[in-house]
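In this text, all values refer to a predicted model and were calculated from it rather than measured experimentally. In what follows, residues are counted from 1 in the order of the sequence shown.
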Amino acid sequence: MGSDAAPIEGGEKAVTRYQMRLTKLLVLAVALTAASDAGAKKAQSAQQSFCRLEFYNGKRVTPSLFALKVGQRRFIVDCGLGQGGQQERAINKTLPKQALDAEALLLTHAHIDHSGRVPMWVKQLIESALLRKQKIYGTEATISVVKSLLEDSANLQVNAVERKKKWMRRRARKLNTLDQAELERIDQLKPLYTPQDVQATLPLLEAIKPGQLVDLGEGVSAEFSLAGHVLGAASVTFRIKDGKHNGQVLFSGDIGRPNALITPKPTAPKGAQFVVMEGTYGGRNHPPVGDVKETLAKVVAQTIARGGKLIIPAFSYGRTQEVIYLLKQLQVEGRLPDVPILLDSPLAIKLTAATRKYAKQYLNEEVKQFIAKYGDPFALPNLQVSESVEASREAVNHKGPAIVIAGSGMMNGGRVVHHAKAAISDPKNAILLAGHQAEGTLGRQIELAGQAVGNAPQTVKIWGEDYKLGASVHRLKGLSGHAGQSELLGWAAKHAAEARQIFLVHGDETQLTALSEQLTRTTGKRVSIPEANSFFELF
């Protein structure tokens with residue numbers, strides 16, 4: 001016998017090594033078969049899971065797009081437009097195929113990174129003959145505001161495509177390559193959607209009061225609860241109760257600060273087993289809000305005293321209204337100089353009117369008390385609005401002291417660039433940055449130039465030309481609309497008792513990881529950071 005057949009002593013029988021190996025192989029085969037069967041049953045069970053979460057944005061801040069599948073039905077939460085670099089622009093070009101199955105779309109708020117692809121969704125539903133009775137739900141304030149934001153977004157996209165076409169034609173002529181094929185290639189460039197697509201979207205919008213239960217049919221309902229952040233922003237709680245299944249899933253939306261200047265404290269009903277939570281600033285805290293008014297008062301007084309213009313770049317939705325409210329407080333206190341206040345942004349003018357309309361229902365108690373005592377919080381005796389291009393030119397050319405509020409907030413476009421170009425070199429003037437300035441924006445350039453030390457004069461490039469920075473540069477810190485880390489942890493603590501799992505979204509990986517570590521330590525709950533296009537079976 002060979003070595004494989006050599007007997008092994010033991011018991012009453014001699015068993016060969018060959019026989020033992022054969023036995024082991026048979027046992028392994030049975031185990032693998034059992035594991036395969038178990039895996040197949042598990043996969044089948046997962047496929048048959050009644051409720052599942054679907055994540056489409058991954059570890060990034062924008063764009064927001066989630067879905068909840070209940071049985072064979074799907075509901076989208078937010079449908080945003082990515083803002084940033086090439087990756088976001090690539091994402092913007094398509095929607096997940098699952099989105100066309102959705103029976104309803106629920107908006108947490110109107111910011112474009114949460115609502116900007118809604119007209120794309122409607123457009124694709126129409127083109128695929130799938131538009132039936134779908135609705136787009138949001139709070140009353142959100143629905144009011146989102147109309148203006150989507151119209152503005154569509155116009156920006158149409159204009160951007162036209163500019164790119166002109167640039168491509170000029171370049172092709174210069175290179176002598178403008179033939180018929182090139183013309184056809186250029187003509188194929190299209191905006192993601194047009195103002196006509198926005199008009200087709202409007203009939204689907206349905207306004208919901210905070211706390212009102214929206215019946216989505218077949219045992220599914222949803223509730224909007226105010227989340228702070230901006231006017232009308234909400235968290236959305238799904239309640240699933242069909243006799244066999246009973247559960248709650250909470251989408252936080254963007255969580256505001258509990259002591260924000262004009263928005264209310266974030267709230268959401270307790271009891272959700274699964275929580276989808278934003279973590280934009282999950283790894284850092286913000287300066288206190290309380291110092292903002294004094295900073296503004298000081299910069300205004302200094303600038304006007306030397307006969308200069310104060311340029312305040314501000315986002316049309318939220319930040320502009322906060323700045324006007326601060327100026328109103330200074331006026332009531334007798335600390336606002338008697339100079340023109342120029343609001344140069346058609347969109348901000350519309351959104352300020354909407355904020356005024358919904359102030360008593362959607363702003364915080366402090367603003368409501370202010371209204372009761374002093375009236376309209378956004379009315380200033382010297383406030384002048386510039387809706388037309390001609391009025392904007394007049395505002396840019398205004399001589400003498402003035403306060404100018406114009407978009408965009410990071411100075412990467414909009415009318416504020418014209419104001420900056422005209423004012424930046426005069427040392428009498430000042431620029432007050434009222435929010436975060438991202439890398440690559442004009443606002444960031446000006447911020448860094450203003451921080452530079454030494455005797456060498458600083459220059460800033462505006463539309464390809466260098467301008468000497470003579471104006472003083474200041475920061476208005478503390479107005480972030482997003483909760484910082486400690487505030488996010490405080491929000492989560494209210495929901496931790498019932499929660500089985502927390503999913504972190506709407507933040508880069510560094511911020512989400514920092515928040516995940518803190519949540520795991522403080523709540524003891526399972527915390528997940530979903531990848532893009534990942535699904536989680538719930539129950």
side-chain contact (heavy atoms from CB on, under 4.5 Å) between L68 and I240, worked out: CA-CA 11 Å; L68 183 69; I240 299 109; 4.3 Å; yes
side-chain contact (heavy atoms from CB on, under 4.5 Å) test vs L515 passes for just one of I529, T280, L504, namely L504
CD1 of I112 to CG of L150: how many Å apart, nearest 0.5 Å? 5.0 Å
When you measure from the side chain of T441 to the backbone of N412, do you find a donor-acceptor pair of N or O atoms at a distance under 3.5 Å? no
Going by distance alone, is a donor N or O of one side chain under 3.5 Å from an acceptor N or O of the other, for D254 and H114? yes
Check whether any side-chain heavy atom of N57 lies under 4.5 Å from a side-chain heavy atom of T62, and answer yes or no. no
Restricting to non-hydrogen atoms, name the atom on R319 and the atom on A314 that form the minimum distance, rounded to 0.1 Å. CG-CB, 4.2 Å
With rounding to the nearest 0.5 angstrom, report the CD to CD distance, Q511 to E278. 10.5 Å
Which atom names give the shortest non-hydrogen contact between S115 and A110, and what distance separates them? OG-O, 2.9 Å
Would you say the side chain of F536 lies within less than 4.5 Å of the side chain of F274, judging by non-hydrogen atoms? no
How long is the gap from CG on L519 to CD on Q485, to the nearest 0.5 Å? 8.5 Å
Strictly by modelled atom types, are Q501 and S528 linked by a side-chain donor-acceptor pair under 3.5 Å? yes
Is any side-chain heavy atom of F535 less than 4.5 Å from a side-chain heavy atom of Q98? yes
Go through the steps to decide whether K69 and E54 satisfy the test salt bridge (Lys or Arg N to Asp or Glu O under 4.0 Å), and finish with yes or no. CA-CA 8 Å; K69 189 175 182 187; E54 300 175 351; 5.5 Å; no
Would you say that I91 contacts Y56 through its side chain, given a criterion of any heavy-atom pair below 4.5 Å between the two side chains? no
Less than 4.5 Å apart, side chain to side chain, heavy atoms only: is that true for L250 and T237? yes
Beyond-backbone contact of L433 with M411, side-chain heavy atoms, under 4.5 angstrom: yes
ring-ring contact (aromatic ring centres under 6.0 Å, His included) between H482 and H286: does it pass, once the steps are laid out? CA-CA 9 Å; H482 286 272; H286 301 303; 8.0 Å; no
Distance (rounded to the nearest 0.5 Å) between L81 CG and C79 SG: 9.5 Å
Is it true that a side-chain atom of R117 and a backbone atom of G80 form a donor plus acceptor pair closer than 3.5 Å? yes
Heavy atoms from other residues, nucleotides or ligands near CD of Q199 exceed 12 (cutoff 6.0 Å): yes
Is it true that atom NZ of K477 has more than 12 heavy atoms of other residues, nucleotides or ligands lying nearer than 6.0 Å? no
Would you call the rings of F55 and F503 parallel, tilted or perpendicular, where under 30° means parallel and over 60° means perpendicular? tilted
Give a yes or no on whether the backbone of L261 and the side-chain of N364 come within a donor-acceptor separation of less than 3.5 Å. yes
Could you check whether any side-chain heavy atom of S345 comes within less than 4.5 Å of a side-chain heavy atom of T320, counting everything from C-beta outward? no
What class does the angle between the rings of W491 and H495 fall in, given that below 30° is parallel, 30 to 60° is tilted and above 60° is perpendicular? tilted
Going through the distances and angles, do V122 and I136 end up as a side-chain contact (heavy atoms from CB on, under 4.5 Å)? CA-CA 10 Å; V122 176; I136 302 165; 4.1 Å; yes
Take F75 and V220 through the test side-chain contact (heavy atoms from CB on, under 4.5 Å) and record every step on the way to the result. CA-CA 10 Å; F75 306 98; V220 182; 4.0 Å; yes
Run the numbers on L189 and M168 for side-chain contact (heavy atoms from CB on, under 4.5 Å), then give the verdict. CA-CA 11 Å; L189 290 175; M168 291 175 71; 3.3 Å; yes
Without swapping roles, check the side chain of Q321 against the backbone of G318 for a donor-acceptor pair under 3.5 Å. yes
Could you tell me whether a side-chain N or O of K135 sits under 3.5 Å from a main-chain N or O of E206, the two making a donor and an acceptor? no
Side chains of Q188 and R185: do they bring a donor and an acceptor to under 3.5 Å? no
I186 and R169, any side-chain heavy atoms less than 4.5 Å apart: yes
Side-chain (S235) to main-chain (S252) donor-acceptor, under 3.5 angstrom: yes
Looking at E498 and K270, does any basic side-chain N land under 4.0 Å from a carboxylate oxygen? no
Testing the basics here: between N155 and P195, what is the closest heavy-atom pair and its distance to 0.1 Å? OD1-CG, 3.3 Å
Ignoring hydrogens and angles, tell me if any N or O in the side chain of D113 forms a donor-acceptor pair with the backbone of P63 under 3.5 Å. no
Where the side chain of N285 meets the backbone of S486, is there a donor-acceptor pair that is under 3.5 Å apart? yes
Distance check, rounded to the nearest 0.5 Å: L95 atom CG versus L100 atom CG? 7.0 Å
Is it the case that the side chain of E487 and the backbone of G484 share a donor-acceptor pair, with hydrogens and angles ignored and the cut-off at 3.5 Å? yes
Side chains of S148 and Y317: do they bring a donor and an acceptor to under 3.5 Å? no
Carboxylate-amine/guanidinium proximity below 4.0 Å for R74 and E103: no
Provide the closest heavy-atom pair for P269 versus S225 in the form atom of the first, atom of the second, distance. CD-OG, 3.5 Å
P210 and Y362: which non-hydrogen atoms are nearest, and at how many Å? CD-OH, 3.2 Å
Check whether any side-chain N or O of T520 sits under 3.5 Å from a backbone N or O of S516 as a donor-acceptor pair, and report yes or no. yes
Take a 6.0 Å sphere around NZ of K147 and say whether it holds more than 12 heavy atoms from other residues, nucleotides or ligands. no
Grab the two heavy atoms, one from L205 and one from I143, that are nearest each other, plus how far apart they are. CB-CG2, 3.9 Å
Salt bridge or not between E88 and R60? Use side-chain N to carboxylate O under 4.0 Å. yes
With no hydrogens and no angle check, do the side chains of E517 and T513 hold a donor and an acceptor under 3.5 Å apart? no
From K164 atom NZ to R171 atom CZ, the distance as rounded to the nearest 0.5 Å: 11.0 Å
Relative to each other, are the rings of F238 and F251 parallel, tilted or perpendicular (30° and 60° limits)? perpendicular
